[in-house]
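Heavy atoms only: backbone and side chains are in, while hydrogens, waters and symmetry mates are out. Each chain gets a letter, A, B and so on, in the order its sequence line appears, and its residues count up from 1.
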Amino acid sequence: MKVLEFIDKKNIDTWLDNVSGKYEVFLPVRDMENAVIEFLNYKDFKRTGSQQEASGKKRFEAEYKEKTTMSPKHLFFPATEKLFDFEYIKDIKNPQKTGLELTTAEKEDCYPGKVLFGLKPCDADGIARLDKVFNEGYKEDNYYHNKRKGSILVSIGCKEIFPDCFCTLVGGNPFNFENADIGMIEVSHGYAIVKISENAEDLINFSRQYLSKDFKAAAIEEEIENLVNSSSKKIIQYWDKTSPDDMAAVMDKSINTGVWDVITSKCISCGACTYVCPTCFCFNLRDEQKNLKGQRYRCWDYCMNNSYTLEASGHNPRADKSQRYKNKVNCKYNYNIKRNKKIYCVGCGRCIEICPVSMDIREAVKMVITDNKE
Amino acid sequence: MEQEKINLENNNPYLPDIATVKKIINETPAIISLQIVIDDDKKWKNFKFEPGQVGQLSVFGFGESTFVINSAPSNREYLQFSIMKAGVNTTALHNLTEGEKIGLRAPLGNWFPYKSMEGKKIIFIGGGIGLAPLRPLIIYMLENKHKYDKLTLLAAAKTPDDFCFKDDIKAWENSRDIEVVSTIDTACALWEKETGLCPNVLESMQPCPENTIAITCGPPIMIKYTLEVLLKLGFPEDMIYTTLERRMKCGIGKCGRCNIGEKFVCVDGPVFSLKELNRIPEPFI
Amino acid sequence: MTVEDKLKEKINEIIDDLDLLVGYSASELPLKVNPVFIKNREDVKNLVFNKLCINNLATYIYNLSKKIKGTAGIVLKPCDASSVIQLLSEGLLDREKTRMIVAGCSGVFDYKKIQKHLGGQKIISLELENGNLEVGTINKKNTLKAADFYADKCYWCQIYNKPPLYDDFIENDQEPGIQPADKYADLEIIESKSIEEIMNYWDGQFSRCIRCYACRNVCPLEICQDRCITNLDEPYWQSQRINTQEGKFFQMIRVMHLAGRCTECGECERACPKNIPLAKLMKKSAQIVERLFDYKAGQEIDKKPPFLTFKDVEQNIKEENLS
Ligand code: SF4
Ligand code: SF4
Ligand code: SF4
Ligand code: FES
């Protein structure tokens, strides 16, 4: 990989400071007290810094190595979001006549763009998957689009591989910057920038004074080379690399076999795995009304939930949790391949880490693959 | 944040158009038909749909549900939807009175490939409210009868009271362009037409599969057995069409819940040929 | 012979009488174990029973007993047995269909506690060496005193080697070696604060809630999950918004519905991906129930749970105090 720019480690904070003057910057922050890592607005993060100084106890710190607890999808696809307000208009003099008015506060223009700093390569891949769902297809989703437009994804390659990481099994890799606007790699005394997309040129030019002018490209490139070679090897090979199409074919064959009952027996059918997942996009639409005014909003919903497909008639096509889990895994490893050409799992391992009963999507896929061979 | 009034030309796919209920018809004790008109003149003038397409009706405060547009595509006076009382939103729709406002997002979904059916014989098989998706197609084909060969309708219901569109059925019975067979599940007084479950009656009719397209709509269990009979009679998979239902929310292929395998009923359906359905490994009923 | 070996031996003896056995097996992930469902003798060798077996397998028993015709065997720690007892006392389980295989316990480690101690760092490896936990995170190896990292409930457990009810009991010679602690110390800290501070504390906690319902679904007593009002369209009793207020409200419903039922296994807190200290709420409600009704959930099959019966006069509730 060619080093295009270089930032000294000691300059990172001032660089972010500077960028946040123009853009809305988000970065992963660890809450040490509650043991969660979340994306936080840079300005809010700064504020916690001064609070910490006052209380003398360090609670928040930026975290670029570990994955955030939740994926960053909520920055573009919030857990709850208003679609529009409605109001019934009644005329006392003319009770026969009723009116109805709809208003939405959606803004087209979303300047300044968001900068998501410190994304993992798999997170950037996840956002690219969501882009496909929301920005393409039958109709564009303006609520997503308005938040996503103009945003810049700054990804840092993964030197550390965790036991639940498996991006290489689903077409990614720890230094894949395909879906990032800026790709960075941490080397001994700073961050090498190895990718700058067209979108990100403005940002780089805006903050050029914080970038190093002279750096030893050849030496850094060699270091990167070593990192890239060693890191992928640490990922546990649950299955041999397969093309998305082959994966879909394998999944198809097992749809009506009993393997899903076995895989799902310990699942408790909660929503944790879908809510932390960077590629899960299901939502529900609901109305709430008080007197004559109300709101239609959308909120995340999870396919492991019994009432997800429950029809008003009482009929439920996926009444059993094994049907639901089968649908969930197939949605990622089969249906979305057919719809959007990609495996809709980026191998971030979040669902594995947070599952209270140690369900492991890698195990599930592996079991299907072996089930097929038998 | 500045609130902007939405003009109806917007491209927000979640924002319904406002429509007015013009007329309410009681079809059966549990089913009503709503005739509605979009308030915005320009929108209403330009509104076009194809037979089989659906719309999302909202009673704001209760929610949104999906129904097939069952008025004729050539009808420029109103759009008609038939609603069976089942949940909160359908109950709210039942409680509407003429003149009230509702929300409409339409047209959505695919439609019957009526062009490719030209020159062929068509047999329609509709059970209960399953006649609704067939109605716009039947009317279209009757209006363009010269393009189609023989039309047959097998209409089924639990009891004589449970037939929707009783006037239409009567008119079609008197028409030379379509043959109508009506059947009820179990015999009852004053009923002189067929008796028996829809698939059984279909089997006894022995329709010839040659150059014939079969289109069936109804409750899942009826579809299941009707498809079996059609296959037994020798209809090829690609000559059989049906419409499917799933719980829907967004109607535009985003919210993810209406899937059968990789297909979203809301955008890839509701109309499917049996050939397409059999290609999906997941069972569809 | 370790308790694990004895457990396997026992299961080997009885596996043919069972339709299914729920037990623990090893996991690839550090500090975790896998619940497994086995039917065959050859799978018995994969079972484990050790200090990582924090999951309460009683979670599965209600649904299992609905599904299978014969008997389901279930590996339980003595505290987990309480959950089964509670289900039995509420008439939700068929005693005949449940075979309780209880193994004596020497305490289980709480991985969240370890993680919190390490400032929330991800745990990559774990080894147990003469009373110390060697925990690997990305930057280093951390040596921790094992005795400090047992699950909270272990510090006041009195039944680790004498389960209140069982079909098979496997004794554990290993003593926990845990210094008993005051169960209510953390509640006292919170309760010493002002109402505003308490409210702020919980608002801060529930601002993280994503309404994933892991807490509800992992609970062995919440058998209502598929019909839970919080995610039904009909009736529409709770908003589906994901925010602090609704998260708190949902949790209040949970706490109320579990008052007098919760056996304080701590699974809800363990399951919560956002580390919300739910066990505190459950502990408080159990404390109140105990004070008002002299009732502790999960102790005796024959004692009627307070909210399943009606008494004309409640000894500990003075009407004049109600206002
Ligand atoms: S896989 Fe785990 S997190 Fe997902 S629904 Fe099942 S139990 Fe919950
Ligand atoms: S399914 Fe699991 S591993 Fe795959 S992207 Fe989603 S959270 Fe990550
Ligand atoms: S497990 Fe935690 S985040 Fe999930 S619903 Fe319960 S309290 Fe909320
Ligand atoms: S209704 Fe939302 S995807 Fe079909």
Could you go through residues 250-257 of chain A and list every donor-acceptor pair under 3.5 Å that involves a side-chain atom there, pairing it with any protein atom two or more places apart or in another chain?
{"from": "A:Asp252", "atom 1": "OD1", "to": "A:Asn334", "atom 2": "ND2", "distance (Å)": "2.8"}
{"from": "A:Asp252", "atom 1": "OD1", "to": "A:Lys338", "atom 2": "NZ", "distance (Å)": "2.9"}
{"from": "A:Asp252", "atom 1": "OD2", "to": "A:Lys338", "atom 2": "NZ", "distance (Å)": "2.9"}
{"from": "A:Ser254", "atom 1": "OG", "to": "A:Asp371", "atom 2": "OD2", "distance (Å)": "3.0"}
{"from": "A:Ser254", "atom 1": "OG", "to": "A:Asn372", "atom 2": "ND2", "distance (Å)": "3.1"}
{"from": "A:Asn256", "atom 1": "ND2", "to": "B:Pro281", "atom 2": "O", "distance (Å)": "3.0"}
{"from": "A:Thr257", "atom 1": "OG1", "to": "A:Ser254", "atom 2": "O", "distance (Å)": "3.0"}
{"from": "A:Thr257", "atom 1": "OG1", "to": "A:Asp371", "atom 2": "OD2", "distance (Å)": "3.3"}

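- No part of A:Asn316 comes within reach of chain B, as not one of its non-hydrogen atoms sits under 4.5 angstrom from that chain.
- You'll find the side chain of A:Leu83 stays beyond 4.5 Å of the side chain of B:Leu15, heavy atoms only.
- Considering all non-hydrogen atoms of both residues, A:Ala312 and B:Ala86 come closest at CB-CB, 3.9 Å.
- For A:Asn327, the part lying under 4.5 angstrom from a heavy atom of chain B is the side chain only.
- Across A:Gln295, A:Lys293, A:Glu311, A:Arg286, the residue that shares the most heavy-atom pairs under 4.5 angstrom with chain B is A:Glu311.
- The two residues A:Asp301 and B:Arg257 have their closest heavy-atom pair at OD2-NH2, 2.9 Å.
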Requested in this report: Test side-chain contact (heavy atoms from CB on, under 4.5 Å) on A:Asn284 and B:Lys249 and set out the steps.
Outcome: CA-CA 7 Å; A:Asn284 199 357; B:Lys249 285 285 177 178; 2.8 Å; yes
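- When heavy atoms are compared at a cutoff of 4.5 Å, B:Val88 does not approach chain A at all.
- Interface remark: of the candidates B:Pro220, B:Cys258, B:Ser58, B:Ser58 forms the most heavy-atom pairs closer than 4.5 Å to chain A.
- Residue-environment remark: OH (B:Tyr225) stays at or below the threshold of 12 foreign heavy atoms within 6.0 Å.
- Nearest heavy atom pair, residue A:Phe86 against residue B:Gly61, reads CZ-N, 3.2 Å.
- Within the 4.5 angstrom heavy-atom criterion, no atom of A:Gln323 approaches chain B.
- Without hydrogens or angle criteria, B:Lys254 side chain to A:Val133 main chain gives a donor-acceptor distance under 3.5 Å.
- The parts of A:Phe281 that come within reach of chain B are both its backbone and its side chain, each placing non-hydrogen atoms under 4.5 angstrom from that chain.
- Between the side chains of A:Arg339 and B:Asn259, no donor-acceptor pair is found at a separation under 3.5 Å.
- With values rounded to the nearest 0.5 angstrom, B:Arg247 atom CZ is found 13.5 Å from A:His315 atom NE2.
- Of the residues considered (A:Pro317, A:Gly314, A:Cys303, A:Gly294), A:Pro317 shows the highest number of contacts with chain B, using heavy-atom pairs under 4.5 Å.
- By number of non-hydrogen pairs under 4.5 angstrom with chain A, the leading residue of B:Glu282, B:Glu262, B:Glu245 is B:Glu262.
- With a 4.5 angstrom heavy-atom cutoff, A:Leu310 touches chain B only via backbone atoms.
- The nearest pair of heavy atoms linking B:Pro16 to A:Leu102 is O-CD1, 3.4 Å.
- Comparing B:Cys266, B:Gly256, B:Gly261, B:Gly63 by heavy-atom pairs within less than 4.5 Å of chain A, the highest count is held by B:Gly261.
- With a threshold of 4.5 angstrom between heavy atoms, A:Glu87 does not approach chain B through any atom at all.
- Most heavy-atom pairs under 4.5 Å with chain B, from the set A:Arg296, A:Lys139, A:Lys326, A:Arg318: that is A:Arg296.
- Here the straight-line distance linking atom CG of A:Asp141 with atom CD1 of B:Ile252 works out to 6.0 Å at 0.5 Å rounding.
- A donor-acceptor contact under 3.5 angstrom links the side chains of A:Arg298 and B:Tyr14, judged on distance only.
- B:Cys255 SG to A:Tyr308 OH: the interatomic distance, rounded to the nearest 0.5 Å, is 6.0 Å.
- The aromatic rings of A:Phe84 and B:Phe60 stand perpendicular to each other, their planes meeting at an angle above 60°, with 30° marking the opposite boundary.
- Heavy atoms closer than 4.5 Å to chain A are found in both the backbone and the side chain of B:Leu108.
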